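All values derive from a computational prediction rather than experimental measurement. For this chain, numbers begin at 1 and follow the sequence in order. Atoms within a ligand are numbered from 1 in the order they appear, just like the ligands themselves.
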Amino acid sequence: MAPVDEKPVSLCKSESHDTLEVSLLKYIYSHPSLPQIRGNPSALLALIDEFAAKQAFFISLGPDKAKKLSTLFADEKPKVVVELGTYVGYSAIMFADAMRQAAGGSSTGLRLWSLEADPLIASIAMNFIELAGLSDIAKVVVGPADDSLKRLSAEGKLPSVDLMFIDHIKDLYVPDLELSERLGFLRPGSLVLADNVVHPGAPAYREFVRGSSKYESWGMKCLLFPEDIVDEIEISRVK
Ligand SMILES: C[S@@+](CC[C@H](N)C(=O)[O-])C[C@H]1O[C@@H](n2cnc3c(N)ncnc32)[C@H](O)[C@@H]1O
């Protein structure tokens with residue numbers, strides 16, 4: 001055991017041990033346009049894109065997917081949405097904003113449950129959702145998605161879901177969709193969307209939904225950001 005008076009190795013003041021997500025948080029809160037970002041979801045997303053563009057790799061949706069999904073939300077007008085995998089809340093902010101716009105600017109009756117396993121990442125997402133002025137619609141639930149789905153369902157918070165967005169761990173796409181089927185909150189007409197089915201790829205998931213008589217399924221081509229690699233979001237309509 002180290003002697004009590006032994007000091008831990010001191011960190012040089014200029015040395016940063018922030019994770020990428022903490023660096024993003026500080027980037028947003030030290031940005032000169034912060035006053036214009038408060039209550040402005042699209043301005044916040046643009047700033048996250050600005051930060052992401054400087055990274056080699058960033059796992060949020062990015063602008064191309066966000067634009068295509070905004071159109072889909074405008075057409076579908078979902079009122080209750082579940083997301084598996086919040087990360088820093090980029091997609092949650094985009095979804096909640098699109099839901100509110102599709103409802104004519106009112107939040108009444110709208111709910112987005114966004115499920116995130118990592119508590120620190122979830123806290124950053126909650127912060128950004130609050131900053132965007134969307135915390136009346138979007139709720140981040142901390143814990144593994146399967147546990148949260150069971151709990152929300154048992155609490156009667158998932159009577160019916162219009163749209164589910166799966167974007168957590170590829171190996172969990174099929175088991176968590178099967179769990180959702182068993183919990184019974186998907187109904188005829190509900191949409192199930194799954195990200196990254198081409199890059200990095202979720203072939204087992206695609207095979208599952210396309211081979212199931214419960215869904216009509218197709219792919220929506222889009223670009224990853226910041227790499228510009230072609231990917232697809234699998235869209236499955238419950239029959
Ligand atoms: C690709 S990111 C989500 C990106 C986000 N949807 C967006 O576009 O802004 C995947 C997230 O899923 C989370 N995750 C991993 N396993 C999970 C699980 N079993 N349940 C819930 N979240 C999980 C990770 O911590 C990570 O933050």
Side-chain angles (χ1 to χ4, degrees), residues 19-25 28 41-42 44-53 55-70 72-73 78 81-99 112-129 131-132 134 138-153 158 163-180 183 192-202 205 220 222-227 229 231-235:
T19 61
L20 184 64
E21 298 79 19
V22 171
S23 299
L24 169 65
L25 188 66
I28 300 294
S42 51
L44 175 55
L45 296 185
L47 213 52
I48 297 176
D49 287 336
E50 183 182 288
F51 175 88
Q55 314 303 321
F57 180 69
F58 200 75
I59 60 173
S60 288
L61 283 182
D64 185 63
K65 288 183 179 180
K67 190 169 166 221
K68 288 171 181 158
L69 288 172
S70 294
L72 184 145
F73 271 64
V81 173
V82 172
E83 171 178 53
L84 314 188
T86 314
Y87 191 48
V88 294
Y90 185 103
S91 48
I93 290 167
M94 189 244 108
F95 294 165
D97 186 33
M99 288 162 76
L112 164 65
W113 296 108
S114 186
L115 317 183
E116 171 56 50
D118 183 317
L120 177 62
I121 303 270
S123 305
I124 295 175
M126 289 177 204
N127 185 307
F128 286 156
I129 287 166
L131 183 62
L134 291 164
K139 304 290 175 199
V140 179
V141 181
V142 183
D146 55 347
D147 288 352
S148 299
L149 285 173
K150 286 180 212 161
R151 198 176 66 251
L152 288 170
S153 183
L158 294 177
L163 189 150
M164 181 158 85
F165 185 69
I166 308 179
D167 189 19
H168 54 344
I169 297 273
K170 306 294 161 271
D171 288 349
L172 295 179
Y173 278 25
V174 172
D176 284 348
L177 176 57
E178 288 180 309
L179 170 65
S180 304
L183 292 172
V192 181
L193 274 50
D195 197 15
N196 305 115
V197 292
V198 168
H199 192 91
Y205 176 83
M220 179 170 77
C222 28
L223 296 174
L224 291 184
F225 185 75
E227 306 101 314
I229 295 169
D231 184 21
E232 286 184 30
I233 293 174
E234 185 75 3
I235 304 178

Colleague: Between L47 and E50, is any pair of side-chain heavy atoms under 4.5 Å apart?
Modeller: yes
Colleague: For atom 14 (N) of ligand 1, which protein heavy atom lies nearest, and how many Å away is it?
Modeller: H168 CB, 3.8 Å
Colleague: Quickly, which of T86, L134, V140, I93 forms a side-chain contact (heavy atoms from CB on, under 4.5 Å) with F128? Name it, please.
Modeller: I93
Colleague: Tell me, which protein residue and heavy-atom name are nearest atom 15 (C) of ligand 1, and how many Å apart are they?
Modeller: I169 CG1, 3.5 Å
Colleague: Kindly write out the residues that satisfy side-chain contact (heavy atoms from CB on, under 4.5 Å) with N196, not counting sequence neighbours, or none if the list is empty.
Modeller: K65, D167, K170, Y173, P200, L224, D231
Colleague: For atom 4 (C) of ligand 1, what's the nearest protein heavy atom and its distance?
Modeller: D167 OD2, 3.2 Å
Colleague: Got the closest protein heavy atom to atom 2 (S) of ligand 1, with its distance?
Modeller: I59 CD1, 3.5 Å
Colleague: Mind checking side-chain contact (heavy atoms from CB on, under 4.5 Å) for V141 and listing every partner two or more places apart, or none if nothing turns up?
Modeller: W113, L115, S148, R151, L152
Colleague: Is the shortest heavy-atom distance from the side chain of I166 to the side chain of E234 under 4.5 Å?
Modeller: no
Colleague: Short N/O distance, under 3.5 Å, between F165 and ligand 1?
Modeller: no
Colleague: For atom 24 (C) of ligand 1, what's the nearest protein heavy-atom neighbour? Residue, atom name and distance, please.
Modeller: E116 OE2, 3.5 Å
Colleague: A side-chain contact here means heavy atoms from C-beta on lying under 4.5 Å apart; do F165 and L61 qualify?
Modeller: yes
Colleague: For the residue pair L20 and Q55, establish whether any side-chain heavy-atom pair is separated by less than 4.5 Å.
Modeller: yes
Colleague: Pairs of nitrogen or oxygen atoms closer than 3.5 Å, one from P144 and one from ligand 1: do any exist?
Modeller: no
Colleague: Show which atoms of ligand 1 fall inside a sub-4.0 Å distance from at least one heavy-atom site of T86.
Modeller: 5 (C), 9 (O)
Colleague: Does L115 have a non-hydrogen atom less than 4.0 Å from ligand 1?
Modeller: yes
Colleague: Within the 4.0 Å heavy-atom shell around S60, which atoms of ligand 1 are there?
Modeller: 7 (C), 8 (O), 9 (O)
Colleague: At less than 4.0 angstrom from any non-hydrogen atom of L172, what atoms of ligand 1 do you find?
Modeller: 19 (N)
Colleague: Which residue supplies the protein heavy atom nearest to atom 20 (N) of ligand 1, what is that atom called, and how far is it?
Modeller: A145 N, 2.8 Å
Colleague: Return the minimal non-hydrogen interatomic distance between G89 and A125, and the atom names on each side.
Modeller: N-CB, 3.7 Å
Colleague: Apply ring-ring contact (aromatic ring centres under 6.0 Å, His included) to the pair F58 and Y87, showing each step before the final yes or no.
Modeller: CA-CA 10 Å; F58 200 75; Y87 191 48; 5.7 Å; yes
Colleague: Going by the atom numbers of ligand 1, which of them fall below 4.0 Å from some non-hydrogen atom of L61?
Modeller: 7 (C), 8 (O), 9 (O)
Colleague: Quick one: look up the protein heavy atom nearest atom 17 (C) of ligand 1 and list residue, atom name and how far away it is.
Modeller: A117 CB, 3.7 Å
Colleague: Output, in order, the C-alpha distance, side-chain angles, deciding distance and verdict of side chain to side chain contact (heavy atoms under 4.5 Å, CB included) for D49 and F225.
Modeller: CA-CA 8 Å; D49 287 336; F225 185 75; 4.1 Å; yes
Colleague: So, regarding G85 and ligand 1 (criterion: nitrogen or oxygen to nitrogen or oxygen, under 3.5 Å), is there a contact or not?
Modeller: yes
Colleague: What protein heavy atom sits nearest atom 7 (C) of ligand 1, and how far away is it?
Modeller: S91 OG, 3.0 Å
Colleague: What about F95 and F73, are their ring centers closer than 6.0 Å?
Modeller: yes
Colleague: Contact between E83 and ligand 1, counting heavy atoms under 4.0 Å?
Modeller: yes
